[in-house]
> 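What follows is a structure written as structure tokens; I'll ask about it next.
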Amino acid sequence: MADTASQLLLGSGLTVVSHPLMYVKMLVQVGHEPMPPTLGRNIFGRQVYQLPGFFAYAKHIISIDGKRGLFKGLAPRLCAGAVGTVVHSKVLQCYQSQNQMEESDSRQKDNLEYVIKETTQEMVARSAATLITHPFHVITLRCMVQFIGRETKYDGIFGSIVTIYREEGVLGFFAGLIPRLLGDVLSLWICNMVAYLINKYALENGAVGEMKSYSQAVTGFLASMLTYPFVLVSNLMAVNNCGLAGGRLPYAPVYSSWTDCWSQLKKEGNTNRGNSLFFRKVPAGKSYVYEQKRFY
């Protein structure tokens, strides 16, 4: 219980601190560009047209909604984090009690069978937490996207629950769930398996063995980059055709499925839109439409 409580406190603190970053990221993912490109210099000193980064975008939000505006959707996101932490912890505790009944051997941690077993258990725990908390995730994203059309349709957790259920039924709470689950599962397996291969064969002996503790972090970052399109598609499907300006034309057509969304993004070359918030290049071959605050 003490571990779970500490995880809740730490997770809540990180959620509050990182929320403005997620807010800006979501608006960029949808394609909302309220400020035109400006002429700047890249890391090599060459003059290029750049899109406003996180700080400029956040400053724009503050100029309209004040500093509190950066925390739209925070309440449902905190609920999702708290519930997800508890569910994840409970599932892993069930596995731990089962594992204690088996013979423990510290050497087996280097075995592929052990890595597969641990990864499978973590996958089940994460998937359970994602499934249960996804409705809060959908509400969070829709509260954020309201900034584009200045709507107030999704106001508060309970009001949003009523609105979604009345207009879309139960399935509305799980919009974008499949790509999100797929992305999480793929990211986890890529991270753990690549880390195992590095630790087993590349960092087996010598002084480099000290680098084993960092391999998981590095592979986790690479896995998140590879599976980012799943995150983007999931977020777009969560707000698509939900009655908000950011979920319909001109920002997005009504997608028939998440695979249709993926195909459209791939055709437009936008599968990594929003992946970077600090060094943002102007999309190649596209023009900025000031009236619509987007690229076309």
> Strictly by modelled atom types, are N270 and E268 linked by a side-chain donor-acceptor pair under 3.5 Å?
yes
> Salt bridge (Lys or Arg N to Asp or Glu O under 4.0 Å) between D155 and K72: does it pass, once the steps are laid out?
CA-CA 10 Å; D155 185 19; K72 282 186 178 179; over 6 Å; no
> Rounded to the nearest 0.5 Å, what separation is found between the OH atom of Y23 and the CG atom of L74?
12.0 Å
> Provide the closest heavy-atom pair for V28 versus L277 in the form atom of the first, atom of the second, distance.
CG2-CD2, 4.1 Å
> Can you pull the salt bridge (Lys or Arg N to Asp or Glu O under 4.0 Å) pairs that have at least one residue in residues 228-237, sequence neighbours excluded?
none
> Can any side-chain N or O of S224 pair as donor or acceptor with the backbone N or O of F221 at less than 3.5 Å?
yes
> Is it the case that atom CZ in R150 sees more than 12 heavy atoms from other parts of the structure closer than 6.0 Å?
yes
> Specify the closest pair of heavy atoms between Y255 and D260, including all atoms of both residues, with the distance to one decimal.
CA-OD2, 3.5 Å
> How far apart are the closest heavy atoms of T219 and C191, and which atoms are they?
OG1-O, 3.3 Å
> Evaluate salt bridge (Lys or Arg N to Asp or Glu O under 4.0 Å) for R126 paired with E122, printing each intermediate quantity in order.
CA-CA 6 Å; R126 287 192 188 185; E122 177 65 21; 2.8 Å; yes
> Do F158 and I132 belong together in a cluster built from hydrophobic side chains that touch within less than 4.5 Å?
no
> Compare every heavy atom of T140 with every heavy atom of R77, then report the nearest pair and how far apart it is.
N-OG1, 3.2 Å
> For M35 and A56, which heavy atoms make the closest approach, and how far apart are they?
CE-O, 3.6 Å
> Is there a donor in the side chain of Q7 and an acceptor in the side chain of H88, or the other way round, less than 3.5 Å apart?
no
> What pairs of residues pass the salt bridge (Lys or Arg N to Asp or Glu O under 4.0 Å) test when at least one of them lies in residues 157-180, not counting sequence neighbours?
R142-E168, K153-E167
> For M225, look at atom CE and say whether over 12 heavy atoms of other residues, nucleotides or ligands are found less than 6.0 Å away.
no
> If the condition is ring pair (Phe, Tyr, Trp, His ring centres under 6.0 Å), which residues does H19 pass it with, not counting sequence neighbours?
none
